[in-house]
Protein chains: 2
Amino acid sequence: MAYGIRPSLPRVEVMLYLLEHRTHPNVDTIYKDLLPKIPSLSKTTVYNTVQRLSEKGAILRLTIDEKNVCFDGISEPHPHFLCKKCGKIYDLNFVPKANIQLDFSEHLIDEVSLYYRGICKECLEKMK
Amino acid sequence: MAYGIRPSLPRVEVMLYLLEHRTHPNVDTIYKDLLPKIPSLSKTTVYNTVQRLSEKGAILRLTIDEKNVCFDGISEPHPHFLCKKCGKIYDLNFVPKANIQLDFSEHLIDEVSLYYRGICKECLEKMK
DNA sequence: TTCATATTTGTAATCAATACATTATTTTGT
DNA sequence: ACAAAATAATGTATTGATTACAAATATGAA
Ligand SMILES: [Mn+2]
Ligand SMILES: [Mn+2]
Ligand SMILES: [Zn+2]
Ligand SMILES: [Zn+2]
């Protein structure tokens with residue numbers, strides 16, 4: 001599987017799930033969706049797996065939703081938008097320029113998250 | 001208190017606490033620190049208060065720490081840094097330029113968060 | 001095969017956050 | 001000032017995401 005992770009069945013399936021479902025799901029959603037395919041799967045394994053995958057840099061861990069952590073199979077940093085109405089998380093496909101300005105704080109930075117919140121296009125149209 | 005919030009004792013004290021303690025505390029910390037001064041305070045009141053203050057725009061609600069929500073008495077948006085070693089949250093005092101580029105996604109955006117994570121200056125020095 | 005290691009599983013525990021009912025305080029109208 | 005209504009605070013119970021932990025299973029090297 002690369003990233004120095006042994007490609008067990010749950011790990012491969014979680015990784016594939018995240019690559020195929022670009023919805024930024026949480027652990028519970030991943031678990032429920034994979035259970036039919038892997039009946040022996042336990043939720044703890046999903047927790048273990050996303051933990052491992054994210055610490056190795058294979059997936060992104062999002063804290064945009066304060067209810068629970070969400071995950072993204074695309075590990076290149078990119079901005080996200082959370083709709084406060086429907087709860088969906090969208091990708092925003094531009095590269096934030098802010099990342100570059102970090103020289104003068106002397107912390108060692110290894111992660112950047114850019115989060116936007118508001119009402120999504122779809123919800124706006126329903127409200128008209 | 002302005003922001004259309006009736007200035008009850010707990011509300012004033014929570015607001016003052018956040019203005020005086022620039023540590024981005026969570027509810028439990030606010031509660032424990034104010035309890036000696038307001039012995040009747042309940043944690044539910046602190047939850048209610050930060051909820052009210054943040055929805056009125058008087059304080060910032062941070063989701064940088066996946067364990068719990070943290071709060072900031074400075075309500076102007078500014079970037080934050082979380083140290084993965086010691087857990088401290090620092091202000092980064094530059095204005096991110098990324099915010100401006102949001103035209104072409106047609107969502108209605110009312111909140112922007114820019115979060116950095118890594119190892120803070122202090123922890124780096126201890127490790128030497 | 002055998003042993004050591006890594007992984008998975010299931011259950012129990014933790015703990016932040018919320019729900020809700022009760023009490024207290026403040027405001028409004030008289 | 002008084003009564004009624006509205007708002008706020010409190011305490012307890014509950015929810016629900018996440019973690020801890022121990023037992024079972026699978027993997028890989030020797
Ligand atoms: Mn994404
Ligand atoms: Mn701050
Ligand atoms: Zn929406
Ligand atoms: Zn630190």
Side-chain angles (χ1 to χ4, degrees), chain A residues 1-17 23-56 58-72 82 84 87 89, chain B residues 1-17 23-56 58-72 82 84 87 89:
Chain A
M1 181 142 53
Y3 292 101
I5 301 166
R6 192 194 288 178
S8 68
L9 177 65
R11 289 172 182 176
V12 171
E13 290 299 334
V14 168
M15 189 71 231
L16 288 177
Y17 180 90
T23 52
H24 310 94
N26 58 31
V27 163
D28 194 61
T29 302
I30 300 170
Y31 170 71
K32 289 204 172 95
D33 285 357
L34 285 181
L35 198 53
K37 196 170 184 186
I38 315 172
S40 70
L41 187 64
S42 89
K43 200 180 278 189
T44 302
T45 298
V46 180
Y47 274 104
N48 289 340
T49 300
V50 294
Q51 173 62 35
R52 177 65 58 95
L53 290 172
S54 64
E55 78 194 8
K56 295 286 184 181
I59 65 176
L60 282 186
R61 168 183 295 257
L62 307 181
T63 63
I64 192 172
D65 179 359
E66 66 180 65
K67 302 284 177 192
N68 46 36
V69 179
C70 300
F71 298 91
D72 189 337
L82 169 72
K84 292 172 177 177
I89 297 172
Chain B
M1 181 142 53
Y3 292 100
I5 301 165
R6 193 193 287 176
S8 68
L9 176 64
R11 288 173 182 176
V12 171
E13 290 298 333
V14 168
M15 189 72 231
L16 288 177
Y17 180 90
T23 51
H24 311 94
N26 59 28
V27 163
D28 194 61
T29 302
I30 299 170
Y31 170 71
K32 288 203 173 98
D33 284 357
L34 285 181
L35 199 52
K37 197 170 182 184
I38 316 173
S40 69
L41 187 66
S42 89
K43 200 180 276 189
T44 303
T45 296
V46 180
Y47 274 105
N48 290 339
T49 299
V50 294
Q51 174 61 34
R52 177 66 58 95
L53 290 172
S54 64
E55 80 195 7
K56 296 287 183 179
I59 66 176
L60 283 186
R61 168 183 296 258
L62 308 181
T63 64
I64 193 173
D65 179 0
E66 68 181 63
K67 302 285 177 190
N68 46 37
V69 180
C70 301
F71 298 91
D72 190 337
L82 169 71
K84 292 172 175 175
I89 298 172

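Since the model is a prediction, treat every value here as computed from it, not as a measurement. Note on naming: letters A, B, ... go to the chains in the order of the sequence lines (proteins, then strands), and numbering restarts at 1 for each one.
Legend: residues meeting side chain to side chain donor-acceptor pair (under 3.5 Å) with Gln51(A), ordered by chain and number and at least two apart, are Glu55(A), Arg61(A). Among residues two or more places apart in sequence or in another chain, the ring pair (Phe, Tyr, Trp, His ring centres under 6.0 Å) test is passed with Tyr31(B) by none.
Of the side-chain N and O atoms in Arg52(B), none sit less than 4.0 angstrom from OP1 or OP2 of dT7(D). Between dA9(D) and Arg11(B), a contact under 4.0 Å exists linking OP1 or OP2 to a side-chain N or O. Of the side-chain N and O atoms in Ser8(B), one or more sit less than 4.0 angstrom from OP1 or OP2 of dA9(D).
Proximity of residues 31-44 of chain A to DNA chain D (heavy atom under 4.0 angstrom from any strand atom) is restricted to Thr44(A). A heavy-atom distance below 4.0 Å to DNA chain D is reached by these residues of residues 58-68 of chain A, ordered by number: Lys67(A), Asn68(A).
Rounded to whole angstrom, the span from the CD1 atom of Ile30(A) across to the P atom of dT8(C) amounts to 14 Å. If you measure from atom CZ of Arg6(A) to atom P of dT5(C), you get 12 Å, rounded to the nearest angstrom. Between Glu13(B) atom CD and dT10(D) atom P the separation is 12 Å, expressed in whole Å. dA21(C) atom P lies 15 Å from atom CG of Asn48(B), rounded to whole Å.
Pairs of residues two or more places apart, or lying in two chains, that qualify as salt bridge (Lys or Arg N to Asp or Glu O under 4.0 Å) and include a residue from residues 40-51 of chain B are Asp28(B)-Lys43(B).
Distance from the side chain of Thr45(B) is smallest to dA9(D) among dT7(C), dT9(C), dA9(D). The side chain of Tyr47(B) lies closest to dT18(C) when the candidates are dT18(C), dT9(C), dT7(C).
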Enumerate all atom pairs, one protein N or O and one N or O from nucleotides 13-15 of chain C, separated by less than 3.5 Å.
none

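Along DNA chain D, the nucleotide nearest to Gln51(A) and the one nearest to Leu9(B) differ in position, and the one closer to the 5' end is contacted by Leu9(B).
Pro25(B) and Ile30(B) get closest at one heavy-atom pair: CG-CG1, 3.8 Å.
As judged by a 4.0 angstrom heavy-atom cut-off over every strand, Asp28(B) is placed among residues making no nucleic acid contact. Val69(A) comes within contact range of the sugar-phosphate backbone alone, with a heavy-atom separation under 4.0 Å but no base atom that close.
Counting heavy atoms from C-beta outward, Asn68(B) and Cys70(B) have side chains that approach closer than 4.5 Å. Residues Thr29(B) and Tyr17(B) form a side-chain contact, since some pair of their non-hydrogen atoms from C-beta on lies under 4.5 Å apart.
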